[in-house]
Amino acid sequence: MSRAFSLVRLLVAALTLGAGGWISLALLSASEAMPWRAAIIATGALLAWLMWRLRRPMKEAAALAQMADQTGDGDTAAIVRTPEIIEIAAGLARARASFRNRAEELVRRVTAAEGILEALPDPVLLLDRDRRVVRANTAARDLLGVDPTGNDLAGFLRAPAVLDAARAVLTDGQTREIAYRVEVPVERHFGVRIAPIAGASEDKGPRAVVRLVDLTAVKRAEEMRADFAANASHELKTPLSAIIGFIETLRGPARDDVKAQERFLGMMAAQAERMARLVNDLLALSSIELVEHAPPTMAVALGPIARSTAQALEMRASARRMRIEVSVEDGLPPVSGDAEQLAQLTQNLLDNAIKYGAEGTEIALHLSLTSVPAGMSGAGKAVALSVTDHGDGIPPEHIPRLTERFYRVDSARSREAGGTGLGLAIVKHILGRHRGYLTIDSAVGVGSTFTVYLPAKAET
Ligand SMILES: Nc1ncnc2c1ncn2[C@@H]1O[C@H](COP(=O)(O)OP(=O)(O)OP(=O)(O)O)[C@@H](O)[C@H]1O
Ligand SMILES: [Mg+2]
């Protein structure tokens with residue numbers, strides 16, 4: 001613009017001078033009279049003077065135009081001298097500085113908003129007035145498997161309730177919350193909150209924000225809690241019903257039958273023992289959970305624990321003609337642990353090997369020093385405690401669920417063997433507290449090896 005202005009200015013000056021010159025020359029040649037000549041010369045001089053006076057304001061105006069064009073850049077002091085112009089120039093420079101500050105502030109705010117949006121763990125989408133996505137954060141792109149930007153929400157969110165709610169929010173500006181379930185690749189539950197954006201412009205900018213909160217873990221915990229209550233009461237109800245039945249028999253048909261009374265009392269004692277075991281296991285589980293956040297710090301040698309636990313179970317093993325072979329690697333370092341809990345862990349694993357191993361087979365309890373296995377947190381060395389049995393083995397589809405409370409491959413068989421289905425859940429929580437790790441290797445028809453890894457205690 002300033003360049004164009006300068007050219008126009010030059011053109012006008014040239015034309016004015018040229019025209020003035022030509023007119024003066026024409027008049028001079030046309031007039032012979034001295035007074036006229038003097039008047040013409042005076043007019044020419046006046047014109048020249050006027051041009052000279054006009055030159056500076058025009059130059060200043062051009063400089064101002066150039067300044068405005070560049071929003072105040074450049075040194076105009078050399079050209080501008082009039083106080084008004086100097087003031088205007090200073091004003092322009094201030095306006096420019098203020099605009100620059102605001103622009104920088106705006107960039108900072110937009111960058112921060114973008115950063116916050118990206119850092120949010122929840123999927124977030126911004127919608128325009130036509131329900132098209134103007135922005136989707138990484139969590140949203142990961143969830144949807146595509147970048148939905150520029151597309152209608154309906155193109156990738158096949159949930160009529162969510163789509164209707166989005167349309168309604170864009171129409172009446174009222175926030176809405178609905179549930180949304182994704183089924184593939186794994187089932188996930190979300191709470192969807194769609195809220196209008198306050199002060200949104202009428203153009204194609206964002207008008208509503210869609211936030212998906214992953215409720216899968218909460219839902220699962222709720223299901224587990226319900227399952228747990230149902231399982232625990234079922235496990236208690238079964239022996240309780242049996243005991244009530246025996247009492248009725250003892251009071252009725254077996255009232256005078258001493259032999260039958262003896263038999264029924266024996267069965268009642270077994271059922272009561274089973275209930276007591278279940279209550280003990282439940283109490284053990286909850287007491288471990290209570291301290292699970294606080295890892296134990298005592299140095300515990302696993303060798304003696306393994307030996308004494310195996311010895312305590314010797315009778316039960318020999319009742320099934322089984323033998324527990326304990327082998328402890330030399331120079332095994334201690335682990336940071338709770339001796340009582342580690343004894344319980346070892347007992348639960350040996351108990352399973354006795355229950356589910358084949359009669360007359362050998363059980364191997366082996367302790368060794370290894371590297372921390374892949375999947376376990378921490379680095380350095382770990383003490384591995386493994387229990388190997390020879391029995392039916394476990395079909396692979398059951399292995400990931402074995403540490404769930406009350407989960408059993410064959411419930412009837414476990415119950416028959418006096419199991420409550422809590423042994424491996426207890427193992428899992430003890431390991432959780434010890435920051436340990438469990439692996440299960442099993443082959444159907446061959447047997448199983450359960451190995452727990454515990455971080456070796458660093459020497460102090
Ligand atoms: N060594 C093993 N061989 C084959 N199956 C096993 C073995 N250990 C555990 N299981 C399977 O895992 C299930 C869960 O084991 P867990 O120790 O938690 O419960 P349980 O032995 O049934 O009862 P509890 O230990 O409370 O007395 C068992 O019911 C059994 O089906
Ligand atoms: Mg068990």
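Since the model is a prediction, treat every value here as computed from it, not as a measurement. Counting starts at 1 for both ligands and their atoms, following the listed order.
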Do H366 and S327 have a side chain donor and acceptor closer than 3.5 Å? yes

T449-T388 side chain donor-acceptor pair, cut-off 3.5 Å: yes

Using a strict threshold of under 4.0 Å (side-chain N to carboxylate O), is an ion pair present between E222 and R225? yes

Under 2.8 Å: N/O/S of T420 next to the Mg ion (ligand 2): no

Contacts table for ligand 1: protein N or O within a distance under 3.5 Å of ligand N or O, distances only.
unit_1   : atom_1 : unit_2 : atom_2 : d
ligand 1 : 1 (N)  : D389   : OD2    : 2.8
ligand 1 : 8 (N)  : N352   : ND2    : 3.3
ligand 1 : 17 (O) : N352   : OD1    : 3.0
ligand 1 : 17 (O) : N352   : ND2    : 2.9
ligand 1 : 17 (O) : L424   : N      : 3.4
ligand 1 : 18 (O) : G423   : N      : 3.3
ligand 1 : 18 (O) : L424   : N      : 2.8
ligand 1 : 21 (O) : N352   : OD1    : 2.9
ligand 1 : 21 (O) : K355   : NZ     : 3.1
ligand 1 : 21 (O) : Y356   : OH     : 3.0
ligand 1 : 22 (O) : Y356   : OH     : 3.0
ligand 1 : 22 (O) : S414   : OG     : 2.6
ligand 1 : 23 (O) : T420   : N      : 3.1
ligand 1 : 23 (O) : G421   : N      : 2.8
ligand 1 : 25 (O) : G423   : N      : 3.3
ligand 1 : 26 (O) : T420   : N      : 3.2
ligand 1 : 26 (O) : T420   : OG1    : 2.6
ligand 1 : 26 (O) : G421   : N      : 3.1
ligand 1 : 26 (O) : L422   : N      : 3.0
ligand 1 : 26 (O) : G423   : N      : 3.1
ligand 1 : 27 (O) : K355   : NZ     : 3.0
ligand 1 : 27 (O) : T420   : N      : 3.3
ligand 1 : 29 (O) : Y356   : OH     : 3.3
ligand 1 : 31 (O) : V409   : N      : 3.0

Check this for me: does any side-chain nitrogen of one of R408 and E235 sit under 4.0 Å from a carboxylate oxygen of the other? yes

Do the charged groups of E118 and R135 touch, with an N to O distance under 4.0 Å? yes

Run the salt-bridge test on E105 and R108 with the 4.0 Å N-O cut-off and return the result as yes or no. yes

